[in-house]
Amino acid sequence: RLYSQSVTAGIWTRIEKLVAIGVIAKRYDGSYKIHGRSAEYYCTPLARHILRDDSSLDERAIRQLYKRSSASARFVQRSLALLRITIALRERYGDVVQMHTQVEIVGDRYESYPQPLPDMFIAMNDVDGTARHCFLDYYEDEVPLGIHARRLRFYDRYYNDGDWSWKEFPDIIAVCASSHLKDRLARRMRYINDNDYLDVSAVSVACVDDLDSKGGIDWINPLEADTVL
């Protein structure tokens, strides 16, 4: 616990130093404290110039990072949820899983990816060394269920268009903000499949809280007929 506290203190010290030299900026006022909301940080124009020296970053990705200085509260919370998912999967599966967010999968070499892009693209190797790929999307409670369900139809159309470049079509992972949404989304996906006969089949639905648990993750594939919903 003492080690954890010292690491956390060190991180905040470095963040404040970056703020002091103008690489990142801080967004915080009295209303944040009232609502129990943490301070938010974003890249400044100086950071954009520094990042341009990193050839692995696409110019469009750098511009997106810079624009997030005016990001909405919803965007911030969504970004934090995706960070939470990333950390949970990293702790569970280790370095065998490579995760790439939307910022990392922009540019000409990613033109074969579905548009709009998934929240995250995941690459991993099975025990036998077989490469697997996944599209991961985060589903919020505030968004109507019908809009969430369209994402499954979208992936099915993308599958049938045949523009994807992988040997096997990526699995589809839906991580929901709550267990209630997980159950509703799974039932809606089953309904869509039963009525429209989708061609995609590898679908996994879970709640974000399940990823943090120390036990096994209760993944649901609603497209399998024998799955109890």
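Below, each value reflects all heavy atoms present in this structure, side chains not excepted, and no hydrogens, waters or symmetry copies.
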- Query: Given Leu89 and Leu136, is the side chain to side chain contact (heavy atoms under 4.5 Å, CB included) satisfied, shown in steps?
  - Reply: CA-CA 12 Å; Leu89 292 177; Leu136 184 148; 4.1 Å; yes
- Message: Taking Tyr138's backbone N and O only, do any of them form a donor-acceptor pair with Asp119's side chain (distance below 3.5 Å, no angle check)?
- Response: yes
- Please test Arg132 against Asp171 for side chain to side chain contact (heavy atoms under 4.5 Å, CB included), starting from the C-alpha separation and ending with a verdict. CA-CA 8 Å; Arg132 287 182 57 200; Asp171 296 351; 2.5 Å; yes
- Quick one: are Phe169 and Val200 in side-chain contact, heavy atoms under 4.5 Å? yes
- Task: Supply the atom-to-atom distance Cys176 SG to Leu185 CG, rounded to the nearest 0.5 angstrom.
- Result: 4.5 Å
- Item | Joint cluster assignment, Trp219 & Val97, ILVMFWY side-chain distance < 4.5 Å | yes
- Could you go step by step and tell me if Asp209 and Arg84 meet the salt bridge (charged side-chain N to carboxylate O under 4.0 Å, His left out) rule? CA-CA 10 Å; Asp209 289 336; Arg84 178 184 172 190; 2.6 Å; yes
- Using salt bridge (charged side-chain N to carboxylate O under 4.0 Å, His left out) as the criterion, list what pairs up with Glu224, not counting sequence neighbours. none
- Please indicate whether Glu16 has more than 12 foreign heavy atoms, meaning atoms of other residues, nucleotides or ligands, lying under 6.0 Å from its CD. yes
- Query: Would you say Arg190's side chain and Pro222's backbone share a donor-acceptor pair under 3.5 angstrom?
  - Reply: yes
- Relative to Tyr93, does Arg90 satisfy both conditions: NZ or CZ under 6.0 angstrom from the six-membered ring centre, and within 45 degrees of the ring's axis? no
- Query: So Ile85 and Val208, side chain to side chain contact (heavy atoms under 4.5 Å, CB included) or not? Walk me through it.
  - Reply: CA-CA 7 Å; Ile85 292 169; Val208 65; 3.9 Å; yes
- Donor-acceptor side-chain pairing of Tyr32 and Glu40 below 3.5 angstrom: yes
- Message: Any heavy-atom pair between the side chains of Pro114 and Trp164 that's under 4.5 Å?
- Response: no
- Compare all side-chain heavy atoms of Thr86 with those of Met120 and state whether any distance is below 4.5 angstrom. yes
- Got a donor-acceptor contact below 3.5 angstrom from the Gln77 side chain to the Arg74 backbone? no
- Using the rule that two of Ile, Leu, Val, Met, Phe, Trp, Tyr join whenever any of their side-chain heavy atoms come within less than 4.5 Å, decide whether Ile15 and Leu83 are in one cluster. no
- Message: I need the Ser201 OG to Asn221 CG distance, nearest 0.5 Å.
- Response: 7.5 Å
- Test side chain to side chain contact (heavy atoms under 4.5 Å, CB included) applied to Asp210 and Lys182, step by step: CA-CA 11 Å; Asp210 294 339; Lys182 177 185 77 172; 3.5 Å; yes
- Do Thr101 and Leu82 touch side chain to side chain, with heavy atoms closer than 4.5 Å? no
- Are Ile21 and Ile50 co-members of a hydrophobic cluster defined by side-chain heavy atoms under 4.5 Å apart? yes
- So do the side chains of Leu211 and Ile87 get within less than 4.5 Å of each other, counting heavy atoms only? no
- Task: Start with the C-alpha distance between Arg151 and Tyr155, add both sets of side-chain angles, then the distance that settles side chain to side chain donor-acceptor pair (under 3.5 Å), and finish with yes or no.
- Result: CA-CA 6 Å; Arg151 195 67 178 165; Tyr155 282 128; 3.3 Å; yes
- Message: Restricting to non-hydrogen atoms, name the atom on Pro118 and the atom on Phe135 that form the minimum distance, rounded to 0.1 Å.
- Response: CG-CD2, 3.7 Å
- Where is the tightest heavy-atom contact between Ile220 and Ala186, given as atom of each residue plus distance? CG2-CB, 4.3 Å
- Message: Within the 4.5 Å heavy-atom criterion, are Tyr139 and Val205 side-chain neighbours or not?
- Response: no
- Task: Would you confirm whether Thr44, through its side chain, and Ala25, through its main-chain N or O, come within 3.5 Å as a donor-acceptor pair?
- Result: no
- Would you check if Phe121 and Cys134 make a side-chain contact, meaning some heavy-atom pair closer than 4.5 Å? no
- Check: Tyr113 ring centroid to Trp166 ring centroid under 6.0 Å: yes
- Item | Any Leu229 side-chain heavy atom under 4.5 Å of Asp183 side chain | no
- Item | Cluster check Ile192, Ile147: I/L/V/M/F/W/Y, side chain < 4.5 angstrom | no
- Are a donor atom and an acceptor atom from the side chains of Ser178 and Asp141 found within less than 3.5 Å of each other? yes
- Message: Any side-chain to backbone donor/acceptor pair from Asp163 onto Ser112? Under 3.5 Å, distance only.
- Response: no
- For Asp156 and Leu198, indicate whether the former's side chain and the latter's backbone hold a donor-acceptor pair under 3.5 Å. no
- Message: Quick check: is Leu46 connected to Tyr41 through a chain of hydrophobic side chains (ILVMFWY, heavy atoms under 4.5 Å apart)?
- Response: yes
- Item | Side chain Glu140, main chain Ala177, donor-acceptor under 3.5 Å | no
